[in-house]
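The next block holds one structure in the form of structure tokens; read it before the comments.
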Amino acid sequence: MSRYPFRDVEHRWQQAWKKAGCFKANHDPDRPKYYVLEMFPYPSGRIHMGHVRNYTLGDVVARFRRAQGYNVLHPMGWDAFGMPAENAAIENQCHPKEWTESNIAHMRDQLKAMGLSYDWDRELATCEPDYYKHEQKIFLDFLAHGLAYRKESTVNWDPVDKTVLANEQVVDGKGWRSGAPVERRKLSQWFLRITDFAEDLLSSLEKLNRWPERVRLMQENWIGRSQGAVIQFALQGHSDCLAVYTTRPDTVFGASFCAIAPDHPLASILAVNNPELASFIQECNRLGVSEEVIEQAEKKGVDTGLKALHPFIEGQTLPLYVANFILMDYGTGAIFGCPAHDQRDLDFARRYHLPVQPVVSPDGHPITIGESAFTGEGVAINSDFLNGLPSSQAKKAATDALVAKGLGTAETVYRLRDWGISRQRYWGCPIPVIHCPDCGIVPVPEDDLPVTLPEGDTGNFLETHPNWKHVSCPRCQGPAHRETDTFDTFFESSWYFNRFAGPCTEAPFNPQELAYWMPVDQYIGGIEHAVLHLLYARFFQRALRRCGYAISEQIIEPFSGLLTQGMVRHRTFRDTTGQWLYPENIHQQGHDWVTKDGQPVEAGRIEKMSKSKRNVVDPATILDSHGADTARLFMLSDSPPERDLEWSEAGIDGIWRYLNRLWRLVDQSANGLAKTKNKKPPLASPSVENLDQAALELLQATHKTIAAVKTDLESFRFNKAVARIRELTNRLEETDLDHFKITNGGAAVYRFSIETTLCLLAPMIPHFAEEGWKRLGYQTLLAQTAWPDADPNMIMDHQVTLAIQINGKLKTTLTVARDLTRPEIEKCALALEPIRQATDGKTIKRIIVVPERVVNLVI
RNA sequence: GCGGACGUGGUGGAAUGGGUAGACACGAGGGACUUAAAAUCCCUUGCCUGAUCAAGGCGUGCGGGUUCGACUCCCGCCGUCCGCACCA
């Protein structure tokens with residue numbers, strides 16, 4: 001029995017596509033463009049299943065759109081800076097560059113073996129000076145436009161990776177890569193002013209209607225806009241006012257204290273003469289920011305002795321505390337406490353015996369506050385001129401009154417903070433500035449770019465390199481030193497998609513190419529970048545535009561469509577001693593799992609593939625044993641792309657069996673049809689004249705499949721597309737080719753159907769489809785063949801099957817002509833035997849006829 | 001705590017402008033071929049009653065509701081997952 005010889009086939013077609021230049025993207029203003037991009041990989045050394053899934057999804061889109069006639073750009077590159085290279089370099093006594101480049105070479109071969117339709121001429125690696133010199137220029141432009149700045153601040157310090165992390169990179173108080181609890185440190189760091197664009201980044205989200213709702217929501221929450229007021233509280237015996245931010249100015253009459261953050265400037269001033277306060281502040285700084293610490297920490301504070309004056313109540317003073325639950329970097333780092341309507345304030349007030357005065361009531365009647373605050377909206381009470389106003393109006397009235405008295409302003413505040421981009425690493429893009437003892441911070445002159453990384457043995461930090469940092473100041477020529485921090489690697493990935501549009505030596509990107517290719521029509525990658533990469537990239541477009549780069553309004557959003565794929569998971573296994581086992585030597589025996597040598601295995605949960613639990617399968621194994629197309633089709637078959645997918649050996653076997661069945665079908669068809677003449681060009685639908693019923697039905701089924709697969713692929717429902725094609729395959733297998741050959745037009749219909757099957761599968765299993773295409777006798781490449789059109793007349797059924805229900809319960813079905821009139825349908829339905837029995841002796845109260853769907857008899 | 005998503009056979013999943021639930025697969029069971037295995041092919045497969053007939057009943061997390069008709073819409077629970085989290 002012949003088997004699909006993937007080893008021979010796959011390599012041969014990869015060469016043929018390359019020779020024919022099938023996937024080369026050329027600027028052509030006369031054709032509609034389609035830019036499909038998958039998030040480029042970090043070159044860790046080998047591709048993993050997540051890559052296989054990601055790039056298969058992208059490749060199906062690219063090949064499908066190409067067949068539909070779009071001018072497709074589908075590039076690939078390498079996000080090549082990062083820490084693993086530094087560690088590997090130390091381990092292997094080599095330069096990170098060597099390690100990275102050899103990884104790229106290996107992974108490039110692996111991707112090519114998958115038959116992915118990339119335009120490899122556009123490949124780039126972010127660690128090449130040719131790439132990073134442009135981002136050094138971009139940084140200098142940001143600096144010149146005030147979008148990059150340096151400031152001393154408390155930062156998130158990852159003690160394992162020994163570097164600073166952005167807020168986005170701290171997950172549950174731990175570093176996103178190392179998982180180590182983050183510490184707080186004061187350091188002088190470079191920041192990008194992403195907060196300048198907070199409003200635009202937020203409001204533009206609603207235009208991204210081809211993004212998953214959930215990603216937009218995550219970004220919305222991350223930006224975290226809130227509207228409120230800043231109130232200036234006068235301080236007794238002090239010339240300065242205390243600025244306090246609140247979203248509830250309507251509760252100002254319930255204020256019973258004020259509190260500031262331990263790192264508020266006023267706190268350190270007051271601490272000078274207050275030892276108790278000084279030690280409290282010290283204690284606060286010692287505490288980490290991890291989740292546990294925050295949850296367990298009690299609301300504590302120290303009374304500074306200072307009194308704030310209530311803005312509206314003459315003579316009322318509020319004690320000023322320094323409190324551990326006030327955050328310096330949100331709002332103004334100071335609050336007024338309204339215990340009746342804020343749980344934290346209430347906890348604090350109970351502890352320090354402060355008054356609790358309700359000023360909002362759900363219904364306007366007096367309320368009392370016990371252990372929980374009333375945080376909802378309602379009607380203002382005990383609030384002088386606000387009394388009786390609903391909360392929303394009270395907010396406005398209070399704010400207006402504050403403005404009138406010169407004691408406050410309406411303010412919008414964002415949770416988003418500026419992006420800290422300094423990293424204390426070696427294998428990254430050097431930040432192009434020079435520190436001069438006399439001139440201060442001096443940008444590296446553009447002519448001196450790129451600032452390249454040193455060669456040779458380096459250790460892990462530019463800081464400790466023997467001589468790299470010593471330079472003369474570009475301004476005064478005196479001795480100076482280079483900035484030894486490098487960019488956060490998210491810097492590189494914030495603009496690479498622009499460069500793919502048209503490589504360009506003089507500038508980061510080519511304006512004409514950018515205008516043609518951008519935005520990315522479909523971006524595909526993991527959900528883990530929902531607020532990291534995807535937010536930074538949106539910010540970059542805006543910042544680049546402000547610096548005068550050719551980013552038009554049309555491409556200010558870099559990714560117009562986004563698909564976030566789910567993870568690849570696998571069952572976990574342990575032996576009897578609890579050791580994790582690799583799945584490669586384990587198989588199922590009935591309901592049990594055993595190793596190859598018969599040892600019992602405990603099967604655990606199905607989890608995300610991870611090295612620590614050993615539930616990983618190396619794609620290389622599958623490519624070798626079953627071929628690229630088997631792996632590709634498996635990735636598409638069962639689960640919708642945005643959901644998690646379980647990798648299973650049984651599933652792979654199932655796909656492999658299907659491919660071989662299809663292989664035999666194509667083979668038999670090719671042989672069987674060899675003697676019949678095909679007068680039509682490929683994929684031209686045969687004439688319906690004089691066809692027998694079987695041929696007509698096959699033709700109709702084929703057209704229906706064409707239509708359904710188009711819809712499914714356009715909406716990324718690949719699993720459904722596969723199911724539809726398998727239905728057609730099943731039908732073809734049941735079809736008697738010998739009979740079709742001798743009937744009028746039968747051979748042409750059969751040929752059309754089998755050709756169509758291959759064509760529809762080509763985006764998913766391109767090598768297989770191409771080989772089948774050749775066996776059917778074509779000299780042309782399927783990769784260059786246009787997508788077939790479904791004939792609308794062929795999709796319309798002349799007969800329809802109606803559900804016949806009694807009181808909404810299905811009793812039987814009825815097949816009638818589509819255009820049968822209602823009275824005739826009713827007559828037919830009532831004449832049906834099961835219906836006559838069920839309605840015998842009963843009154844039919846009502847008959848509901850829904851054309852082409854259902855007849856419901858109410859009795 | 002706040003925000004969001006989701007709950008369908010043994011499993012992955014189909015079907016939502018309300019209209020034949022379980023497409024397509026995986027797994028399982030039975031059979032054919034074979035000395036045997038692999039491969040391949042055929043049959044069965046939501047649950048229950050019934051005899052593997054005829055036929056009937058029950059079924060989309062649970063409880064209500066709207067409707068001729070609800071996996072789909074509304075209300076209230078329960079559960080799972082994800083994001084954010086002392087954000088004033």
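Sequence lines set the chain letters: A, B, ... in the order given, protein chains first and strands last, and positions in each chain run from 1. These numbers come from the heavy atoms of this one structure, side chains and all, not from hydrogens, waters or symmetry mates.
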Among B/U20, B/C68, B/C86, the one nearest A/R344 by side-chain distance: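 Within the option list, the nearest is B/C86.
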
Proximal nucleotide (of B/C87, B/C26, B/A14) relative to the A/A650 side chain: B/C26

Opposite nucleotide pairing with [N], Watson-Crick or G-U, both atom distances under 3.5 Å:
| N | value |
| --- | --- |
| B/C33 | none |
| B/G76 | B/C62 |
| B/A28 | B/U44 |

Below 4.0 Å: OP1/OP2 of [N] and any side-chain N or O of [X]:
| X | N | answer |
| --- | --- | --- |
| A/K720 | B/A15 | yes |
| A/R846 | B/U67 | no |
| A/N719 | B/A14 | yes |
| A/N730 | B/A25 | yes |
| A/Y245 | B/A88 | no |
| A/R415 | B/A85 | yes |

Euclidean distance for P, B/U44 against B/U52 (whole angstrom):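 After rounding to an integer number of Å, I get 16 Å for this pair.
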
No-H, no-angle donor-acceptor pair, A/N856 side chain to B/C68 base, under 3.5 Å: yes

Touch class at under 4.0 angstrom, heavy-atom based, for A/R216 against every strand present: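 A/R216: no heavy atom of the nucleic acid under 4.0 Å.
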
